[in-house]
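Okay, structure first, notes after.
No hydrogens, no waters, no symmetry mates; every other heavy atom, side chains included, goes into these values.
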Number of protein chains: 2
Amino acid sequence: MQTIEQLLESKDIRVTAMRLLIYKFLANKQIAVTLSDIENAFEKADRTTLYRTIKTFEEKEIVHQIDDGTGINKYALCESGCHCEIETDLHLHFHCNNCSETICLTEHKIPQIKVPEGFVSENVNLVVKGICDKCSGQ
Amino acid sequence: MQTIEQLLESKDIRVTAMRLLIYKFLANKQIAVTLSDIENAFEKADRTTLYRTIKTFEEKEIVHQIDDGTGINKYALCESGCHCEIETDLHLHFHCNNCSETICLTEHKIPQIKVPEGFVSENVNLVVKGICDKCSGQ
DNA sequence: ATATTTAATGCAATGGAAGTGCATTTATTG
DNA sequence: CAATAAATGCACTTCCATTGCATTAAATAT
């Protein structure tokens, strides 16, 4: 079990108080969050810092960005074993039309998609929209 | 073979010069277009008109909106037999990382996606990114 | 330990795209 | 031809993403 500090260092990310806080915030969330979500959680911090922290995490593959079709970028921590850079490991995301939450369905891998002759597939984005378990249970 | 006028009327859309032009513009494109693309093609027209025309077409199921992950909405004419409102008929889209064009792969239907217990799937968005046939042929 | 260098943070501003309210023009109906 | 309804054009607004630059904090070299 490695500490967050060790994890960041192993990815060549300098450890700062802000980064630790943001990491912990993401770790506590089960859902993908927007920059605004983070902003609201850290009102004392500047939005640019939060933005750049997330971008750093993304580059270093600590988080992955999710485009769930709402037009607003969301982010979620990569899990251990989440090789988001490898095509065959992509999981899908579920966006709830009721509560607007976006959830990583990590265990649901995206099936191999065939593309026509001449096309080269590098990446796949799959978002299922509907009603999530919490909302459908009402 | 019905005329564009007849098509629009059959969908309860009033025929105007602008709408005919925009329809023809879309029909001539093999790729999905952004509002800016349309704007550039019709510099004399107001952006709002183009925007609302596209929205009208979308509501009446003349075009479908595509979210290809670039953050910019794109639109493409529905083909005959493109029942974009029916989940099982969804086709996938291909976004070229080289030329940034987005193409409807109408013949490629999206496989049935299983979601966990309690989740209700209403809609699926699948975008494959990579290199398109034109760019890979270089 | 201190100077030097490098990276992180904060502030201000910009730009792109989506969307809305209202006045005006154009088309449709009585 | 008058009355009504919809389409168009203009002016804004809002929201989010992104960048430049000055400042502060951290890491490295001396």
Side-chain angles (χ1 to χ4, degrees), chain A residues 4-26 32-60 62-76 95 100 102, chain B residues 4-26 32-60 62-76 95 100 102:
Chain A
I4 302 173
E5 283 88 342
Q6 288 169 337
L7 172 65
L8 294 183
E9 277 167 5
S10 75
K11 301 264 186 177
D12 276 318
I13 301 173
R14 283 201 195 172
V15 177
T16 68
M18 200 68 246
R19 285 172 177 177
L20 287 172
L21 285 172
I22 295 174
Y23 186 94
K24 284 172 190 161
F25 175 75
L26 293 169
V33 299
T34 65
L35 191 60
S36 296
D37 292 335
I38 305 175
E39 234 181 301
N40 294 335
F42 298 99
E43 297 199 334
K44 282 170 289 185
D46 187 77
R47 213 167 41 89
T48 315
T49 304
L50 304 174
Y51 172 76
R52 284 198 258 241
T53 300
I54 278 290
K55 287 294 163 190
T56 301
F57 282 3
E58 198 188 344
E59 276 167 29
K60 300 301 172 70
I62 296 259
V63 304
H64 57 266
Q65 196 187 72
I66 300 158
D67 170 25
D68 64 4
T70 57
I72 302 164
N73 291 150
K74 297 190 177 177
Y75 305 90
H95 177 75
S100 293
T102 297
Chain B
I4 302 174
E5 283 88 343
Q6 287 169 339
L7 172 66
L8 295 183
E9 277 167 6
S10 75
K11 301 263 186 179
D12 276 319
I13 300 172
R14 284 199 193 175
V15 176
T16 68
M18 200 68 246
R19 286 172 176 177
L20 287 172
L21 284 171
I22 294 175
Y23 186 95
K24 284 173 189 161
F25 175 75
L26 292 169
V33 299
T34 65
L35 191 60
S36 296
D37 291 335
I38 305 175
E39 234 181 300
N40 293 334
F42 299 98
E43 297 197 335
K44 282 169 289 185
D46 187 78
R47 211 173 42 86
T48 315
T49 303
L50 304 175
Y51 172 75
R52 285 199 257 240
T53 299
I54 279 290
K55 287 295 162 190
T56 301
F57 282 4
E58 200 189 342
E59 276 168 30
K60 301 300 172 72
I62 296 260
V63 304
H64 58 266
Q65 197 188 73
I66 300 158
D67 170 27
D68 64 3
T70 57
I72 302 163
N73 291 149
K74 297 191 178 178
Y75 306 90
H95 177 75
S100 293
T102 297

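Side-chain contact between A:Lys11 and A:Glu59 is absent, with no heavy-atom pair separated by less than 4.5 Å. The shortest side-chain heavy-atom distance between B:Leu35 and B:Asn73 does not fall under the 4.5 Å cut-off. The closest side-chain heavy-atom distance from B:Thr49 to B:Ile22 is not below 4.5 Å.
What separates CG of A:Leu50 from P of D:dC16 is a distance of 14 Å, to the nearest Å. If you take CG of B:Asp46 and C1' of D:dA7, they are 12 Å apart, rounded to a whole angstrom. The nearest whole Å value for the distance from the CE atom in A:Met18 to the P atom in D:dA26 is 14 Å. Spacing between atom CG of B:Leu21 and atom P of D:dT8 amounts to 11 Å, rounded to whole angstrom units. Rounding to whole angstrom units, CD1 of residue B:Ile22 and P of D:dA7 are separated by 13 Å. D:dA27 atom C1' lies 12 Å from atom CD of A:Glu9, rounded to whole Å. Rounded to a whole Å, the CD1 atom of A:Ile13 is 16 Å from the C1' atom of D:dA26. Here D:dA7 presents its C1' atom at 16 Å from CG of B:Asp12, a figure rounded to the nearest Å.
Taking both residues in full, the closest heavy atoms of A:Gly69 and B:Asp67 are given as CA-OD2, 3.0 Å, listed atom of the first, atom of the second, then distance.
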What protein N or O atoms touch nucleotides 22-30 of chain C N or O atoms at under 3.5 angstrom, if any, and at what distances?
none

Which pairs, protein N/O on one side and nucleotides 15-19 of chain C N/O on the other, fall under 3.5 Å?
| from | atom 1 | to | atom 2 | distance (Å) |
| --- | --- | --- | --- | --- |
| C:dA18 | OP1 | B:Asn73 | N | 3.4 |
| C:dA18 | OP1 | B:Asn73 | OD1 | 3.4 |
| C:dG19 | OP2 | B:Tyr51 | OH | 2.7 |
| C:dG19 | O5' | B:Tyr51 | OH | 3.0 |
| C:dG19 | O6 | B:Arg47 | NH2 | 2.9 |

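With A:Ile62 as reference, A:Leu7 is the one residue of A:Thr56, A:Ile4, A:Leu7 to meet the side chain to side chain contact (heavy atoms under 4.5 Å, CB included) rule.
Between C:dG10 and A:Thr49, a contact under 4.0 Å exists linking OP1 or OP2 to a side-chain N or O.
Here the CG-CE distance, from B:Leu20 to B:Met18, works out to 10.0 Å after rounding to the nearest 0.5 Å. Between the CD atom in A:Gln65 and the NZ atom in A:Lys74 there is a gap of 12.0 Å [rounded to 0.5 Å].
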The test is ring pair (Phe, Tyr, Trp, His ring centres under 6.0 Å); show your working for A:Tyr75 and A:Phe57 and say whether it passes. CA-CA 10 Å; A:Tyr75 305 90; A:Phe57 282 3; over 10 Å; no
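A donor-acceptor pair is defined here as one N or O able to donate and one able to accept, closer than 3.5 Å; no such pair exists between the side chain of B:Arg47 and the backbone of B:Glu39.
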